[in-house]
Amino acid sequence: MSIQNTLIIDKKANFYKDVFELVMLIPEGRVTSYGTIAKYLGATRSSRLVGWAMNLSHTHDQYIPAHRVVNRQGLLTGKMHFPTPTTMEELLNAEGVIVINDQVQNFDKIFWDPFIELG
DNA sequence: CTCTTGACTGGTT
DNA sequence: GAACCAGCCAAGA
C-alpha cells in the first residue's frame, strides 16, 4: 500500500462523506440536483458518482434525505431505489413539495443552490 | 483483467 | 421540445 493509494482512498471516502453531509444540509421542502452537488464538491463532470453515493446512503449511520435530490429537470429519477416506488414522492409531499407525474412542481422556486445558500 | 451498467449532464441535431 | 451522443467513474459479473 503506497502513500499515493492511501491518498486516493481517502479522497474517495471524503467525496462520499461530503455528498452525505451536503445532502443532509438541504432544508425540508427544498430540493437540489445531482449535478449541482457534484459541481459544489469540485467534480462537475462526475454527477453519476453522486447518484452512486445516494445508492450507498443506506449504509451510512445517519439519515440521508436522498429524496431531496433529483435530476436537473426536477424528475424523481431515483424513486425506484426507495423501499417502494412511491416512497420518494410521499416523503416530498409530506414536506410540502408537490410532485406530479414524477415532476417536482415549482422546481426553480424550491431549488436549493449550495453556492447561494452556503456561499 | 475486460465489459456492462447506471439515483447524470451538456451539447448537438 | 425530444432524441441521441459522448464524457464521467465506481461496482459487479
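Atoms considered below: every heavy atom in the structure, side chains included; atoms not considered: hydrogens, waters and symmetry mates. Chain A is the first sequence line, chain B the second, and so forth, proteins listed ahead of strands; every chain is numbered from 1.
- Remark: Ala66(A) in residues 56-66 of chain A come within less than 4.0 Å of DNA chain B through at least one heavy atom.
- Here chain A contacts DNA chain B (any atom closer than 4.0 Å to a heavy atom, that is under 4.0 Å), and the contacts span dG6(B) to dG10(B) from 5' to 3'.
- Nucleic acid contact class of Asn71(A) (heavy atoms, under 4.0 Å, all strands): sugar-phosphate only.
- Scored by the side chain to side chain contact (heavy atoms under 4.5 Å, CB included) test, Thr84(A) finds Thr86(A), Thr87(A) as partners (sequence neighbours excluded).
- Without hydrogens or angle criteria, Gln73(A) side chain to Val104(A) main chain gives no donor-acceptor distance under 3.5 Å.
- Cluster partners of Ile98(A), using a side-chain heavy-atom cutoff of under 4.5 Å among ILVMFWY residues and allowing indirect links, are Ile100(A).
- The shortest non-hydrogen separation linking Leu92(A) to Arg68(A) is CD2-CA, 4.4 Å.
- Within the structure, every pair that satisfies the ring-ring contact (aromatic ring centres under 6.0 Å, His included) test and touches residues 41-67 of chain A, not counting sequence neighbours, is listed here: Phe20(A)-His60(A).
- By the 4.5 Å side-chain criterion applied to Ile, Leu, Val, Met, Phe, Trp and Tyr, Ile116(A) is assigned to no cluster and stands alone.
- Contacts between residues 91-119 of chain A and DNA chain C, defined by a heavy-atom separation below 4.0 Å, involve no residue at all.
- Residues forming a ring pair (Phe, Tyr, Trp, His ring centres under 6.0 Å) with Phe82(A) (at least two apart in sequence, or on another chain): none.
- Annotation: proximity of residues 33-54 of chain A to DNA chain C (heavy atom, distance under 4.0 Å) is found for Arg45(A), Ser46(A), Arg48(A), Leu49(A), Trp52(A), numbered in ascending order.
- Of the residues in residues 76-88 of chain A, those placing a heavy atom less than 4.0 Å from an atom of DNA chain B are Thr77(A), Gly78(A), His81(A), Phe82(A), in numerical order.
- Screening residues 87-119 of chain A for ring-ring contact (aromatic ring centres under 6.0 Å, His included), with sequence neighbours left out, gives Tyr40(A)-Phe115(A), Phe107(A)-Phe111(A).
- Under a hydrophobic clustering in which Ile, Leu, Val, Met, Phe, Trp and Tyr are joined whenever their side-chain heavy atoms come within less than 4.5 Å, directly or via other members, Met88(A) and Ile64(A) fall into different clusters.
- Look at CG on Leu75(A): it is 14 Å from C1' on dG1(C), rounded to the nearest Å.
- Within the 4.5 Å cutoff, side-chain heavy atoms of Leu41(A) are placed close to those of Val19(A).
- Counting heavy atoms from C-beta on, the side chains of Glu89(A) and Lys79(A) never come closer than 4.5 Å.
- Asn71(A) places a side-chain N or O within donor-acceptor distance of the main-chain N or O of Gly74(A), the cut-off being under 3.5 Å.
- Sequence neighbours left out, the pairs with a member in residues 20-34 of chain A that pass side chain to side chain donor-acceptor pair (under 3.5 Å) are Lys17(A)-Glu21(A), Arg30(A)-Glu117(A), Ser33(A)-Thr36(A).
- Contact check for Gln105(A) versus Val97(A): no side-chain heavy atoms found under the 4.5 Å cut-off.
- Here the side chains of Leu25(A) and Leu118(A) are in contact, with some heavy-atom distance below 4.5 Å.
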